[in-house]
Amino acid sequence: MVLASILNSDLLNLAKVADTVAASGADALHYDVMDGQFVDNISFGLPVLSSLRPYTKQPIDVHLMISEPLRFVERFVKAGADLLSFHIESNSDPVKTLHCIHSCGIPAGIAVSPDTPVSSVMPLLSLLKKDDYILIMTVYPGLGGQAFMPRMLPKIRELSAVIQRDRLPLHIEVDGGINAETGILCRKAGADYLVAGSYVLGSAHPDAAVASLQLPLSGNDSDAAV
Ligand code: DX5
Ligand code: ZN
């Protein structure tokens, strides 16, 4: 699945951006929320999501880069989140936050920043339900348009091995610096949800950019080479 991040898009024309995302063939829209505390930036929040929600038919994946996600779960679900992720490094209790998202009836994601080992989420995997996901950040959260960090690939592989071994019905999302080349590396490593911002919405041909992220992996590609 390809999720288009609108963080670096033409925010003066969000309806047009939503049209572009829908026409691009992306499966969902990725909505980055920053509070100026958890990361050193402030993006958009509840009122903008409430405005966008009735406009687009596409699922909206909300990525909370905020210090106290638990306080806001219900409000973001009410405003229109179809999937909701929070950071393991945040100040909220992860078990309570997961429970709260689940009780709202939508898939939950746990995001892992670059300096956090993936082992931090392993004890929580048994609490996750079908369609939940782990979001491996492939850049430091806070800004769009940064370069992909290849040293995140072993984290994806490690997580994917556990998901396969234990036959868990979970997804691995990657976010940051995803393009045709880095997208393939992530998919080979086991990721199946690719968030792409600048690569899709900064392209003259968003549909071609999305298609390049959806190409079938060739037989040899199933072995993680990098
Ligand atoms: C970074 C955000 C990302 C970002 C991705 O903090 O979580 O979703 O918008 O943008 P690109 O694809 O441009 O790196
Ligand atoms: Zn994001």
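We count ligands from 1, going down the list as the structure has it; atoms in each ligand are counted the same way. Numbers here are sequence positions counted from 1. Just so you know, these numbers use all the heavy atoms, side chains as well, and skip hydrogens, waters and symmetry mates.
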Give the numbers and elements of all ligand 1 atoms closer than 4.0 Å to a heavy atom of [X].
X: His30; result: 8 (O)
X: Leu7; result: 9 (O)
X: Ser198; result: 11 (P), 12 (O), 13 (O)
X: Ala196; result: 12 (O)
X: His63; result: 7 (O)
X: Met34; result: 6 (O)

Exercise. Which is closest to atom 11 (P) of ligand 1 by heavy-atom distance: Ser43, Ala111, Gly145?
Worked result: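 Nearest option to atom 11 (P) of ligand 1, by heavy atoms: Gly145.
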What protein heavy atom sits nearest [atom], and how far away is it?
atom: atom 12 (O) of ligand 1; value: Gly197 N, 2.7 Å
atom: atom 5 (C) of ligand 1; value: Asp175 OD1, 3.5 Å
atom: atom 14 (O) of ligand 1; value: Gly177 N, 2.8 Å
atom: atom 10 (O) of ligand 1; value: Gly144 CA, 3.7 Å

For this session: Mind listing the protein N/O/S atoms less than 2.8 Å away from the Zn ion (ligand 2)? Waters don't count.
Result: His30 NE2, Asp32 OD1, His63 ND1, Asp175 OD2
Exercise. Under a 4.0 Å N-O cut-off, is there an ion pair linking Arg71 with Asp35?
Worked result: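 Asp35 and Arg71: not salt-bridged.
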Problem set entry | Glu158 bridged to Lys155 by N-O distance under 4.0 Å |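 Salt bridge between Glu158 and Lys155, a charged N being under 4.0 Å from a carboxylate O: no.
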Below 3.5 Å, N or O to N or O, backbone or side chain included: is there any such pair between [X] and ligand 1?
X: Tyr140; value: no
X: Gly176; value: no
X: Gly142; value: yes

For this session: Answer side chain, backbone, both or neither: which part of Leu143 comes under 4.0 Å from ligand 1, heavy atoms only.
Result: backbone
Exercise. Taking non-hydrogen atoms only, is Ser5 closer than 4.0 angstrom to ligand 1 via side chain, backbone, both or neither?
Worked result: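 Looking at Ser5 and ligand 1, just side chain atoms fall under 4.0 Å.
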For this session: For Asn8 and ligand 1, answer yes if some heavy atom of the residue is under 4.0 Å from a ligand atom, otherwise no.
Result: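 No.
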Problem set entry | Exam field: side chain Gln58 to backbone Ala26, donor-acceptor pair closer than 3.5 Å | yes
Problem set entry | Between Tyr31 and Phe44, ring centroids under 6.0 Å |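 Yes; Phe44 has its ring centre under 6.0 Å from that of Tyr31.
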Exercise. Would Val39 end up clustered with Leu11 when hydrophobic side chains under 4.5 Å apart are linked, directly or stepwise?
Worked result: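 Same cluster: Val39 reaches Leu11 through Ile, Leu, Val, Met, Phe, Trp or Tyr contacts under 4.5 Å.
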For this session: Check whether more than 12 heavy atoms from other residues, nucleotides or ligands sit under 6.0 Å from atom NE2 of His102, and answer yes or no.
Result: yes
Seminar exercise, completed: Sorted by chain and residue number, the salt bridge (Lys or Arg N to Asp or Glu O under 4.0 Å) partners of Asp192 (sequence neighbours excluded) come out as none
Problem set entry | Exercise: do Asp132 and His171 side chains pair donor with acceptor under 3.5 Å | no
